[in-house]
Amino acid sequence: FCATLQSINQAQLDMISSLNATVCDPLKNFVSYDFLEMQQVRKKVINTQSEYDSTKGKIDSALQGKKRIGSSKTKPADPTQIAQYERELEKLKKEQQENQVNLSHVLDQTHQKKETKLLKAMFDMVNIQHDYHEKSMFLLDNLKPKIECLESQIQESSKGIDCTKEGHLLVKSTAAMQGGWQKHWFVLKDGYLFSYKSKKDASAADQPLNIMFCTTRTPSVIPGKPSGCMFEIVTPDKKKPLLLQAETEAEKTAWLDSIQDEIEKQLNQNEPAVAITENDSLPFKILQQVDGNRFCADCSAPNPDWASINLG
């Protein structure tokens with residue numbers, strides 16, 4: 001069992017290593033280098049455009065001429081300087097066109113690489129995960145017979161465990177001053193339901209209920225009022241049913257199932273009923289004369305000859 005889990009864990013580590021080498025690292029390189037090249041080419045285009053605008057501004061300023069000191073007349077433009085600016089401007093214009101063509105080419109290449117590399121990375125990722133899950137399922141399938149054997153052993157060994165259920169439940173208080181819900185810790189053990197004020201408190205908050213003489217039921221739903229996760233325990237020791245509330249519907253079902261299983265367990269531990277003799281015939285006939293006892297309370301069959309201890 002441990003060897004199989006170790007093999008599955010190793011397969012998971014191998015999957016992570018393969019994902020890093022086949023998927024993560026290539027994508028990191030793509031972002032680090034291919035995108036970096038695109039940024040550098042774009043920066044050249046921006047710088048060339050800035051130089052072009054600056055040179056064009058110098059030509060415009062030179063054509064306007066400069067004012068002479070102490071005079072309202074302007075100094076005529078220098079043709080040699082203007083010719084030099086125009087040559088620089090033509091050079092920058094040509095360089096800018098080349099940079100824009102290069103940028104367009106790099107963008108197209110980056111777009112193609114992005115599509116192919118992303119698709120390949122997704123394919124490799126799915127393929128690696130498929131291999132891991134396939135290998136894990138193969139190992140678990142080989143382990144399944146041992147798991148089923150272990151489960152049967154656990155079920156067999158758990159039959160001797162007395163405590164079948166424990167946990168917190170809310171109890172509806174009957175005291176006039178309280179009238180609300182109180183949280184108690186309940187333990188179903190040895191055929192009795194014990195109630196404690198808290199999990200750490202060893203003193204019972206109430207007398208334990210003999211579960212063999214109890215039955216459970218769900219209270220009737222009142223229109224307009226939420227029923228929550230409530231259930232009742234009916235016992236001859238109390239005039240009113242014990243109203244309890246679980247935190248969730250699943251917890252409520254678990255408590256009802258555990259109590260019913262414990263009732264059946266306690267009833268099955270008793271000696272089978274003895275046959276009615278002539279001395280017992282008179283009480284039996286008296287019971288038959290009571291209203292309602294001529295028919296089975298469960299299936300309505302006539303003339304029932306047995307009764308349930310906790311149901312009647």
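All values below were derived from every heavy atom in this structure, side-chain atoms included, with hydrogens, water molecules and symmetry-related copies excluded.
In the displayed structure, H133 atom NE2 is contacted under 6.0 Å by more than 12 heavy atoms of other residues, nucleotides or ligands.
One distance of note links CG of L143 with CG of L5; it measures 7.0 Å at 0.5 Å rounding.
A heavy-atom distance below 4.5 Å is found between the side chains of R87 and Q84. Residues T216 and E232 fail the side-chain proximity criterion, which asks for heavy atoms closer than 4.5 Å. Annotation: side chain of L256 is in contact with side chain of K252 (closest heavy-atom distance under 4.5 Å). A 4.5 Å side-chain heavy-atom check between L244 and V171 finds at least one atom pair inside the cut-off. Within the 4.5 Å cutoff, the side chain of V234 has no heavy atoms near those of the L242 side chain.
With sequence neighbours excluded, the residues satisfying side chain to side chain donor-acceptor pair (under 3.5 Å) with Q96 are Q49.
Y192 and F194 have tilted rings, their planes meeting at an angle from 30° to 60° on a 0 to 90° scale.
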> Are K265 and D261 close enough, and set up right, to give a salt bridge (charged side-chain N to carboxylate O under 4.0 Å, His left out), and what steps lead you there?
Replying inline: CA-CA 6 Å; K265 177 182 175 182; D261 291 342; over 6 Å; no

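For the pair S18 (side chain) and D14 (backbone), a donor-acceptor distance under 3.5 Å is present. The backbone N or O of M212 sits less than 3.5 Å from a side-chain atom of N210, completing a donor-acceptor pair. The backbone N or O of S50 sits nowhere less than 3.5 Å from a side-chain atom of S54 that would complete a donor-acceptor pair.
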